[in-house]
Amino acid sequence: MDASDLGSDLERVLLTEEQLLTRLDEMAAKIDVDYAGKNVLLVGVLKGALMVMADLSRALHIDVETDWMAVSSYGSGTKSSGVVRILKDLDRDVTDRHVLVVEDIIDSGLTLSWLIANLRARGAASVEVCTMLRKPEAAKVEVDVRYVGFDIPNEFVVGYGLDHAERYRNLRVVGTLAHHVYGS
Ligand code: PRP
């Protein structure tokens with residue numbers, strides 16, 4: 001889905017497909033160097049990380065294994081509780097593996113902070129993070145993130161894996177939605 005397919009539902013394009021893919025190539029080049037010769041497990045966090053995982057993993061030249069986790073905040077309430085429940089766990093054992101968590105966005109940082117602690121507790125040799133987007137103004141906890149695509153303003157964004165009520169994940173760009181889409 002292109003930006004033009006959304007018509008007036010799309011308010012503004014923040015990042016074009018070209019910008020996203022160029023940045024991913026740059027991040028992949030760093031990861032290639034940093035993880036050369038290492039036993040790497042890419043862990044994608046469903047569902048938002050789908051696109052980043054697909055493009056980043058293909059941009060890499062090093063050999064990696066991939067796995068997925070699905071997590072959710074406890075209850076259906078706010079994510080800011082920081083209490084996370086595992087909906088789908090890894091299929092692989094992370095013991096002594098160099099784990100690189102792949103995320104679409106870091107908002108409050110609470111999900112990731114929990115996830116990093118969880119993976120370290122399982123005996124991973126190292127746990128680092130690669131995220132396409134980060135909202136510095138929304139941070140509630142400090143998370144040490146090794147690879148960041150873009151820092152963006154604290155606005156609700158969709159596209160490139162990010163959804164609004166499960167829609168727009170297949171949008172090629174990252175953008176903001178017009179107010180009428182939210183029904184307000
Ligand atoms: C998003 C994103 C991160 C999390 C970031 O997932 O993929 O996992 O929120 O938020 P935080 O930094 O405030 O913890 P979401 O729960 O929207 O699920 P999804 O990936 O299935 O869309």
Side-chain angles (χ1 to χ4, degrees), residues 1 6 9-11 14-15 17 19-21 23-24 27 31 41-57 66-92 94 99-122 124 127-177 181-184:
M1 190 182 230
L6 260 65
D9 285 1
L10 189 69
E11 184 187 61
L14 256 71
L15 296 162
E17 185 176 29
Q19 285 175 303
L20 293 167
L21 295 179
R23 188 72 188 114
L24 265 186
M27 289 197 286
I31 293 167
L41 181 67
L42 297 183
V43 172
V45 185
L46 292 167
K47 309 170 190 163
L50 174 69
M51 306 298 174
V52 191
M53 184 72 143
D55 288 332
L56 176 74
S57 60
T66 54
D67 203 347
W68 299 90
M69 279 184 84
V71 295
S72 158
S73 300
Y74 241 107
S76 55
T78 166
K79 288 178 190 175
S80 57
S81 70
V83 182
V84 175
R85 148 173 88 114
I86 297 175
L87 302 178
K88 188 233 167 277
D89 206 349
L90 297 170
D91 296 323
R92 315 295 282 176
V94 300
V99 175
L100 182 57
V101 178
V102 177
E103 266 285 21
D104 51 338
I105 191 163
I106 302 172
D107 212 306
S108 67
L110 289 165
T111 306
L112 204 52
S113 163
W114 181 90
L115 196 56
I116 291 169
N118 180 280
L119 292 167
R120 288 205 174 122
R122 298 188 200 196
V127 181
E128 299 289 349
V129 179
C130 175
T131 185
M132 194 72 223
L133 306 172
R134 181 174 64 179
K135 290 182 181 174
E137 294 154 30
K140 291 203 170 118
V141 284
E142 278 295 312
V143 184
D144 187 18
V145 182
R146 192 150 181 192
Y147 311 96
V148 179
F150 298 94
D151 280 328
I152 61 168
N154 193 9
E155 294 176 75
F156 189 84
V157 292
V158 296
Y160 201 68
L162 292 149
D163 74 309
H164 170 53
E166 298 300 332
R167 295 170 64 197
Y168 311 111
R169 290 194 198 274
N170 61 326
L171 178 64
R172 290 179 185 275
V173 304
V174 170
T176 57
L177 292 172
V181 179
Y182 302 109
S184 56

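Whatever order the structure lists ligands and atoms in, that order sets their numbers, starting from 1.
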Checking the N or O distance criterion of under 3.5 Å, is ligand 1 in contact with G109? yes

Checking side-chain polar atoms at under 3.5 Å, does E11 have a donor or acceptor matched by the opposite partner on T176? yes

Identify, with sequence neighbours excluded, every residue that meets side-chain hydrogen bond (donor to acceptor under 3.5 Å, both in side chains) alongside N170. none

Short version for R134: what comes under 4.0 Å of ligand 1, heavy atoms counted, is neither

Please determine which of L20, I105, V158 meets the side chain to side chain contact (heavy atoms under 4.5 Å, CB included) test together with V174. L20

For S108, counting its heavy atoms only, list the atoms of ligand 1 lying under 4.0 Å from any of them. 11 (P), 12 (O), 13 (O), 14 (O)

Can you tell whether the side chains of R92 and D89 come within less than 4.0 Å, N to carboxylate O? no

Looking at ligand 1, does L112 have a heavy atom less than 4.0 Å from it? no

Taking only heavy atoms of D104, which atoms of ligand 1 are found under 4.0 Å from at least one of them? 2 (C), 7 (O)

Any chance you could measure D104, atom CG, to D163, atom CG, to the nearest 0.5 Å? 9.0 Å

Counting only nitrogen or oxygen atoms and a 3.5 angstrom limit, does I105 reach ligand 1? no

Minimum heavy-atom distance L119-L90, with the two atoms named: CD2-CD1, 3.8 Å

For residues 46-55, please give each side-chain donor-acceptor pair under 3.5 Å, one per line with the distance, not counting sequence neighbours.
residue	atom	partner	partner atom	Å
K47	NZ	E166	OE1	3.4
K47	NZ	E166	OE2	3.2
D55	OD1	R58	NH2	2.7
D55	OD2	Y160	OH	2.7

Report, in ascending order of atom number, the atoms of ligand 1 lying under 4.0 Å from any heavy atom of D163. 22 (O)

Measuring from F156:CZ to L162:CG, what's the distance to the nearest 0.5 Å? 8.0 Å

R169 heavy atom under 4.0 Å from ligand 1: yes

Which atoms from ligand 1 have a heavy atom of T111 less than 4.0 Å away? 4 (C), 10 (O), 11 (P), 14 (O)

Near E103 (heavy-atom distance under 4.0 Å), the atoms of ligand 1 are 2 (C), 3 (C), 7 (O), 8 (O)

Atoms of ligand 1 close to L46 [distance to a heavy atom under 4.0 angstrom, numbered from 1]: 20 (O), 21 (O)

